[in-house]
**Student:** 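One structure follows; several queries about it will come next.
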Amino acid sequence: MDGGSAATRLSFLLLAVLLLSYLPIPSSSSRSLATSVRCNPQDYAAMMKIKAAFGNASAMDSWVPNTDCCNWRVVECDPNTNRVTQILLSGHIYGQIPPEIGDLTYIQEIIFILMHLTGTIPSTITKLKYLTVLRLSYNSLSGPVPSFLSQLPLVNQLELSHNKFSGTIPPSLSNLPSVTYLYLDYNNLTGEIPESFGKFKQPGVSLYLSHNQLSGELPKSFGNLDFDTIQVSSNKLHGDASLLFKANGSARILYLSRNKFEFDLSKMKLANTLQYFDISHNKIYGSIPKAITKLNLKELNVSYNSLCGKIPQGGDVQNYDSYSFFHNKCLCGSPLAACK
Ligand SMILES: *[C@@H]1O[C@H](CO)[C@@H](O)[C@H](O)[C@H]1NC(C)=O
Ligand SMILES: *[C@@H]1O[C@H](CO)[C@@H](O)[C@H](O)[C@H]1NC(C)=O
Ligand SMILES: *[C@@H]1O[C@H](CO)[C@@H](O)[C@H](O)[C@H]1NC(C)=O
Ligand SMILES: *[C@@H]1O[C@H](CO)[C@@H](O)[C@H](O)[C@H]1NC(C)=O
């Protein structure tokens with residue numbers, strides 16, 4: 001609570017005391033609850049539906065009927081409008097997301113993580129035009145990733161990781177006007193990464209697609225994508241991933257491990273922004289480019305490929321032990337054995 005609203009409350013209290021000293025004290029039954037309740041009735045009704053749909057779990061014990069929802073735990077209201085802007089739930093909560101979630105008209109952040117939610121995401125969620133953060137990771141949500149999620153104009157962070165979503169990735173997700181963080185990792189998604197994923201509306205997107213069943217080649221359009229993070233580890237992708245290696249752009253994290261990528265690493269350009277680089281467990285051949293010594297690397301792993309030649313010496317490269325380089329065709333030099 002800020003000082004301003006504390007002061008407002010204090011003056012309100014003083015006024016109330018003043019009035020009470022002049023007026024006859026009303027009986028408690030005639031006092032209307034509504035005067036002390038800031039919670040909007042539409043928000044209140046939706047929250048009660050959510051509480052019931054989530055089995056009245058103890059995390060919502062403070063959500064007592066006929067009390068002010070703006071005072072409930074894990075709920076935030078806008079101090080000016082008293083509309084619910086955030087709900088954060090986590091823990092031993094079972095149930096399905098009820099369609100009434102779409103009645104929380106002014107909500108900005110829905111965080112339901114590490115729960116046991118099942119079922120699908122209700123389409124009423126598209127009514128939430130102020131939603132910026134939707135985090136539903138570590139649940140058991142299933143069905144396809146709904147393409148209607150692309151109708152959320154302000155969503156910046158869409159997190160659906162560690163669920164049981166299946167089917168293909170809806171191409172329309174790249175139409176999300178504000179999305180920067182898209183987490184679809186640790187699901188059971190199949191098919192190819194959509195061609196449309198080379199064109200997101202915001203620069204510097206972070207795409208987390210690892211630990212799925214994605215197959216095929218990377219979309220050609222990735223060559224034009226300005227990304228911060230691309231994580232596609234542990235899928236069934238194959239072919240040429242060299243289109244992700246470019247000198248320009250803002251690439252910081254590139255995780256390609258445990259796929260079947262096959263291309264020549266020798267002439268790859270590496271953006272000097274690159275910090276986390278794991279291409280292990282693929283079929284990548286050629287040699288490690290000298291430019292790698294210019295990078296400020298926090299993670300490096302090229303193990304289990306078909307690389308050959310001398311490991312470039314210098315920079316951060318020798319901070320990594322042999323496990324970052326082992327199981328290649330004929331890599332040599334520190335930290336592996338000297339070249340013959
Ligand atoms: C939750 O509480 C409501 C209202 O008290 C009750 O009607 C409902 O049966 C409860 N549900 C569960 C699963 O406990
Ligand atoms: C993933 O989907 C495949 C086929 O669609 C199915 O056979 C498999 O059981 C699913 N795996 C999980 C962990 O749900
Ligand atoms: C990087 O360079 C390529 C080819 O020169 C170009 O197509 C792409 O638009 C550039 N990307 C950025 C983010 O500048
Ligand atoms: C690199 O990957 C290999 C194979 O998965 C693993 O054994 C090794 O520990 C990794 N190295 C680092 C530094 O993470």
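The first residue of the sequence shown is numbered 1, and numbering continues consecutively from there. The figures that follow rest on heavy atoms only: side chains count, while hydrogens, waters and symmetry mates do not. What you see is a predicted model; the values in this text were computed from it and never measured. Start at 1 and go down the list; that is how both ligands and their atoms are numbered.
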**Student:** Determine if the distance from atom 4 (C) of ligand 1 to the closest protein heavy atom is below 4.0 Å.
**Tutor:** no

**Student:** Any nitrogen or oxygen of Arg258, side chain or backbone, less than 3.5 Å from one on ligand 4?
**Tutor:**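 Among all N and O atoms of Arg258, at least one is under 3.5 Å from an N or O of ligand 4.
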
**Student:** Does at least one non-hydrogen atom of Tyr304 fall below 4.0 angstrom from an atom of ligand 4?
**Tutor:** yes

**Student:** Ring centroid separation for Phe54 and Phe112, is it under 6.0 angstrom?
**Tutor:** yes

**Student:** If you measure from OH on Tyr304 to CZ on Arg258, what distance do you get to the nearest 0.5 Å?
**Tutor:** 8.0 Å

**Student:** Give me the nearest non-hydrogen protein atom to atom 11 (N) of ligand 1 as residue plus atom name, then the distance to 0.1 Å.
**Tutor:**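 Going by distance alone, atom 11 (N) of ligand 1 is nearest to Asn56 ND2, 2.9 Å.
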
**Student:** Please report which non-hydrogen protein atom sits nearest to atom 14 (O) of ligand 4, along with the residue it belongs to and the distance in Å to one decimal place.
**Tutor:**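 Residue, atom and distance for the closest contact: Asn301 ND2, 3.6 Å.
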
**Student:** Are the gamma sulfurs of Cys69 and Cys39 separated by less than 2.5 Å?
**Tutor:** yes

**Student:** Scan the protein's non-hydrogen atoms and note whether one is under 4.0 Å from atom 9 (O) of ligand 1.
**Tutor:**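 For atom 9 (O) of ligand 1 the answer is no, since every protein heavy atom stays at 4.0 Å or beyond.
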
**Student:** Between atom CD1 of Ile284 and atom CE of Met268, what is the distance when rounded to the nearest 0.5 Å?
**Tutor:** 10.0 Å

**Student:** Can you check ring-ring contact (aromatic ring centres under 6.0 Å, His included) on Phe227 and Phe200, steps first, answer last?
**Tutor:** CA-CA 9 Å; Phe227 63 90; Phe200 278 86; over 10 Å; no

**Student:** Run Lys127 and Asp103 through salt bridge (charged side-chain N to carboxylate O under 4.0 Å, His left out) and show every step you take.
**Tutor:** CA-CA 8 Å; Lys127 293 196 280 178; Asp103 295 338; 3.1 Å; yes

**Student:** Any atoms of ligand 4 less than 4.0 Å from a non-hydrogen atom of Ser303? List them with their elements.
**Tutor:** 1 (C), 2 (O), 3 (C), 4 (C)

**Student:** With heavy atoms of His281 as the reference, note each atom of ligand 4 found under 4.0 Å away.
**Tutor:** 4 (C), 5 (O)

**Student:** Output, in order, the C-alpha distance, side-chain angles, deciding distance and verdict of salt bridge (charged side-chain N to carboxylate O under 4.0 Å, His left out) for Arg38 and Asp68.
**Tutor:** CA-CA 6 Å; Arg38 295 171 293 158; Asp68 186 353; 3.1 Å; yes

**Student:** In terms of residue, atom name and distance, what is the protein heavy atom nearest to atom 13 (C) of ligand 4?
**Tutor:** Ser324 OG, 3.4 Å

**Student:** Please state which protein non-hydrogen atom is closest to atom 7 (O) of ligand 4 and give its distance, to 0.1 Å?
**Tutor:**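 Of the protein heavy atoms, Phe326 CZ, 3.9 Å lies nearest.
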
